[in-house]
Amino acid sequence: MIETLVWIALALAVIGVYLSWTAGRLDRLHSRMDAARAALDAQLVRRASVALEVATSGALDPASSLVLYEAAHAARQAEEDHREVAESELSQALRAVFADADQVEVLKAAPGGAQATEELAAAVRRVPMARRFHNDAVRAARALRRHRKVRWFRLAGHAPFPLAFEMDDEPPADLADRPT
């Protein structure tokens, strides 16, 4: 009888340690996801800020400046529910404004334009990487949260189900190929 109780206690201890380890892993995945989201937010804000600077620099033609300014301003002011759409529209505006390689050269030739071009090129290249890191973290957390043991024992607590950040992040070809 004692031996059976010892084995049951040992089995419960092993199960408890395993569940604790799984909960810790899930917590680390959520932390990684939060850090990746903060990095993505920082890159999106940086891209919008640089786009606003370029739009207001006077180096672009008025129509391009207006399109770029409106898209960048909307991206910076967007609420969380509409952020993906606003960021996608900024990507589309950047591609429309810089669809022609001559536009990049015009910006580069303006006073301070070389630095602005490099900053914009770096910003548009970093957004897809940051989004990929975030979505990879979300994918890993989702995979673990789908396991029965996580659902049955409610190891995720009250954390919301992770959502990927889906947007059009294709950079303008002439900016994306520029070395920083």
Side-chain angles (χ1 to χ4, degrees), residues 18-55 67-99 104 107-108 114-151 153-180:
Y18 178 71
L19 290 176
S20 175
W21 176 80
T22 303
R25 181 172 169 228
L26 186 59
D27 186 49
R28 287 188 302 276
L29 283 173
H30 279 131
S31 295
R32 185 176 122 201
M33 189 178 58
D34 290 343
R37 180 59 188 240
L40 174 61
D41 286 339
Q43 292 305 322
L44 292 172
V45 168
R46 182 170 183 255
R47 180 180 75 154
S49 298
V50 173
L52 278 172
E53 286 178 25
V54 168
V67 166
L68 193 57
Y69 178 82
E70 286 180 357
H73 181 70
R76 287 196 55 189
Q77 300 299 321
E79 294 181 20
E80 196 60 36
D81 295 343
H82 304 290
R83 183 122 189 243
E84 293 172 347
V85 173
E87 295 294 345
S88 293
E89 289 173 354
L90 177 56
S91 295
Q92 293 165 1
L94 284 165
R95 281 196 310 271
V97 169
F98 295 106
V104 175
L107 176 61
K108 208 171 172 190
Q115 181 181 0
T117 304
E118 295 304 322
E119 285 181 27
L120 187 58
V124 300
R125 272 195 314 271
R126 288 181 180 146
V127 166
M129 286 188 295
R131 188 176 76 86
R132 200 169 305 122
F133 286 137
H134 173 264
N135 288 349
D136 286 345
V138 166
R139 196 173 301 112
R142 279 181 172 181
L144 185 58
R145 286 183 68 156
R146 284 191 188 111
H147 289 210
R148 279 189 211 125
K149 64 181 175 266
V150 173
R151 291 191 320 260
F153 292 102
R154 300 186 191 279
L155 298 180
H158 297 288
F161 194 73
L163 298 174
F165 194 86
E166 297 300 332
M167 64 173 270
D168 174 8
D169 60 2
E170 184 69 30
D174 292 317
L175 281 177
D177 294 337
R178 294 199 173 283
T180 54

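Owing to the predicted nature of the structure, the values given are computational and were not obtained by experimental measurement.
Between His30 and Arg145, some side-chain heavy-atom pair lies under the 4.5 Å cut-off. Residues Arg142 and Leu163 are in side-chain contact: their nearest non-hydrogen atoms beyond the backbone lie under 4.5 Å apart. Residues Leu120 and Phe98 meet the side-chain proximity criterion, which asks for heavy atoms closer than 4.5 Å.
The two atoms that bring Leu94 and Ala51 nearest to each other are CD2-CB, 4.5 Å, heavy atoms only. Heavy-atom minimum distance, Met33 versus Pro162: SD-CB, 3.2 Å. A pairwise comparison of heavy atoms in Val104 and Thr117 identifies CG1-CG2, 4.0 Å as the closest pair. Contact detail for Ala116 and Val50: the closest heavy-atom pair is O-CG1, 4.2 Å. Taking both residues in full, the closest heavy atoms of Leu90 and Ala75 are given as CD2-CB, 4.0 Å, listed atom of the first, atom of the second, then distance. Scanning all heavy atoms of the two residues, the minimum distance from Arg83 to Leu44 falls at NH2-CB, 3.4 Å.
Between Asp136 and Arg139 there is a salt bridge, with a side-chain nitrogen of the basic residue lying less than 4.0 Å from a carboxylate oxygen of the acidic one.
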Could you give me the CA-CA distance, side-chain angles and deciding distance for Arg76 and Ser49, then say whether side chain to side chain contact (heavy atoms under 4.5 Å, CB included) is met? CA-CA 8 Å; Arg76 287 196 55 189; Ser49 298; 3.5 Å; yes
Show your reasoning for whether side chain to side chain contact (heavy atoms under 4.5 Å, CB included) applies to Leu155 and His147. CA-CA 10 Å; Leu155 298 180; His147 289 210; over 6 Å; no
Side chain to side chain contact (heavy atoms under 4.5 Å, CB included) assessment of Gln115 paired with Glu118: CA-CA 5 Å; Gln115 181 181 0; Glu118 295 304 322; 5.8 Å; no
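Of the possible polar contacts, none joining the His134 side chain to the Ala130 backbone as a donor-acceptor pair under 3.5 Å is found. Put simply, the side chain of Glu84 gets close to the backbone of Glu166: a donor and an acceptor are under 3.5 Å apart.
Among pairs with a residue in residues 43-53, those fulfilling salt bridge (Lys or Arg N to Asp or Glu O under 4.0 Å) read Arg47-Glu87, at least two apart in sequence or across chains.
Between the CZ atom in Arg32 and the CZ atom in Arg25 there is a gap of 10.0 Å [rounded to 0.5 Å]. In this structure, the separation between CD on Gln43 and CZ on Arg131 is 13.5 Å, given to the nearest 0.5 Å.
Under the side chain to side chain contact (heavy atoms under 4.5 Å, CB included) rule, Arg151 has a single partner from Arg154, Arg148, Lys149, which is Arg148. Among the candidates Leu40, Val138, Asp41, the single residue satisfying the side chain to side chain contact (heavy atoms under 4.5 Å, CB included) test with Phe165 is Leu40.
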